[in-house]
Amino acid sequence: MSLVLIRPEIDIWQPGEHTGTFRGNNLAFVTATEALAYWENTSFSRAIAEKSIYTVNLLRQITDRHDTEALVRGRGLIQAIVFAEAGLAERVSQAAFKRGLIIETCGSRDESLKLLPPLTISREELEYGISVIAESLDTIQTIVQVDSIAHRQPA
């Protein structure tokens with residue numbers, strides 16, 4: 001939501017004559033008013049903090065379980081798994097997409113798998129999404145192990 005205050009002599013347009021992100025519109029104001037209602041007390045903030053801790057713990061379980069160099073970092077519900085192996089985040093993202101989860105990569109080398117869930121996400125939805133990430137990484141690591149065994153030369 002944005003609001004710009006303009007002196008009347010500079011605001012030469014009639015209502016509805018010129019639109020833009022700098023001019024308020026009714027839908028934006030109604031939506032913003034409803035969104036601000038979430039912050040009227042501390043329960044929403046507490047719920048976000050709890051889901052954030054839960055998310056970090058689930059992601060750390062994934063990175064601890066796999067034989068890959070990775071770390072979890074972020075703030076609040078904005079979290080990422082940062083992989084040392086080049087291309088791994090992208091492969092996990094593609095595998096997750098095939099399972100119905102859209103998740104992006106980020107970082108200077110696309111080394112991070114970025115979680116950016118809505119603040120209103122339920123715990124069940126969060127668990128499901130993270131389970132898809134875990135399954136995707138499991139599948140990729142299994143494929144890598146099978147390929148490694150298949151390409152070994154006899155001694």
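Values in this document were obtained by computation on a predicted structure and should not be read as measured data.
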Check whether any side-chain heavy atom of [X] lies under 4.5 Å from a side-chain heavy atom of [Y], and answer yes or no.
{"X": "Tyr128", "Y": "Leu101", "result": "no"}
{"X": "Ile103", "Y": "Leu115", "result": "yes"}
{"X": "Ile81", "Y": "Leu137", "result": "no"}
{"X": "Ile130", "Y": "Gln61", "result": "no"}
{"X": "Glu111", "Y": "Leu88", "result": "no"}

What's the spacing between [X] [atom1] and [Y] [atom2] if we round to 0.5 Å?
{"X": "His66", "Y": "Asp64", "atom1": "NE2", "atom2": "CG", "value": "11.0 Å"}
{"X": "Leu36", "Y": "Glu34", "atom1": "CG", "atom2": "CD", "value": "9.5 Å"}
{"X": "Glu90", "Y": "Arg109", "atom1": "CD", "atom2": "CZ", "value": "14.5 Å"}
{"X": "Thr33", "Y": "Phe29", "atom1": "OG1", "atom2": "CZ", "value": "8.5 Å"}
{"X": "Thr55", "Y": "Glu127", "atom1": "OG1", "atom2": "CD", "value": "9.5 Å"}
{"X": "Ile140", "Y": "Thr68", "atom1": "CD1", "atom2": "OG1", "value": "10.5 Å"}

Using a 3.5 Å distance criterion without hydrogens, assess whether the side chain of [X] forms a donor-acceptor pair with backbone atoms of [Y].
{"X": "Ser93", "Y": "Ala89", "result": "no"}
{"X": "Thr105", "Y": "Ser112", "result": "no"}
{"X": "Glu85", "Y": "Phe83", "result": "no"}
{"X": "Thr42", "Y": "Ser45", "result": "no"}
{"X": "Lys51", "Y": "Leu119", "result": "yes"}

- Message: Are there over 12 heavy-atom neighbours, none belonging to Glu104, within less than 6.0 Å of that residue's CD?
- Response: no
- Item | Glu69 CD: over 12 foreign heavy atoms closer than 6.0 Å | no
Please give me the minimum heavy-atom distance between [X] and [Y], naming the atom from each residue.
{"X": "Ala70", "Y": "Thr63", "answer": "CB-CG2, 3.9 Å"}
{"X": "Arg99", "Y": "Thr139", "answer": "NH2-OG1, 2.7 Å"}
{"X": "Ala134", "Y": "Arg65", "answer": "CB-NH2, 3.5 Å"}
{"X": "Gly76", "Y": "Ser52", "answer": "C-OG, 3.0 Å"}
{"X": "Leu116", "Y": "Ile78", "answer": "CD1-CG1, 3.3 Å"}
{"X": "Gln79", "Y": "Arg75", "answer": "NE2-N, 3.4 Å"}

- Given the rule that I, L, V, M, F, W and Y join up when any side-chain heavy atoms are under 4.5 Å apart, are Leu77 and Tyr38 in one cluster? yes
- Is Val56 reachable from Val82 through a run of hydrophobic residues whose side-chain heavy atoms are each under 4.5 Å from the next? no
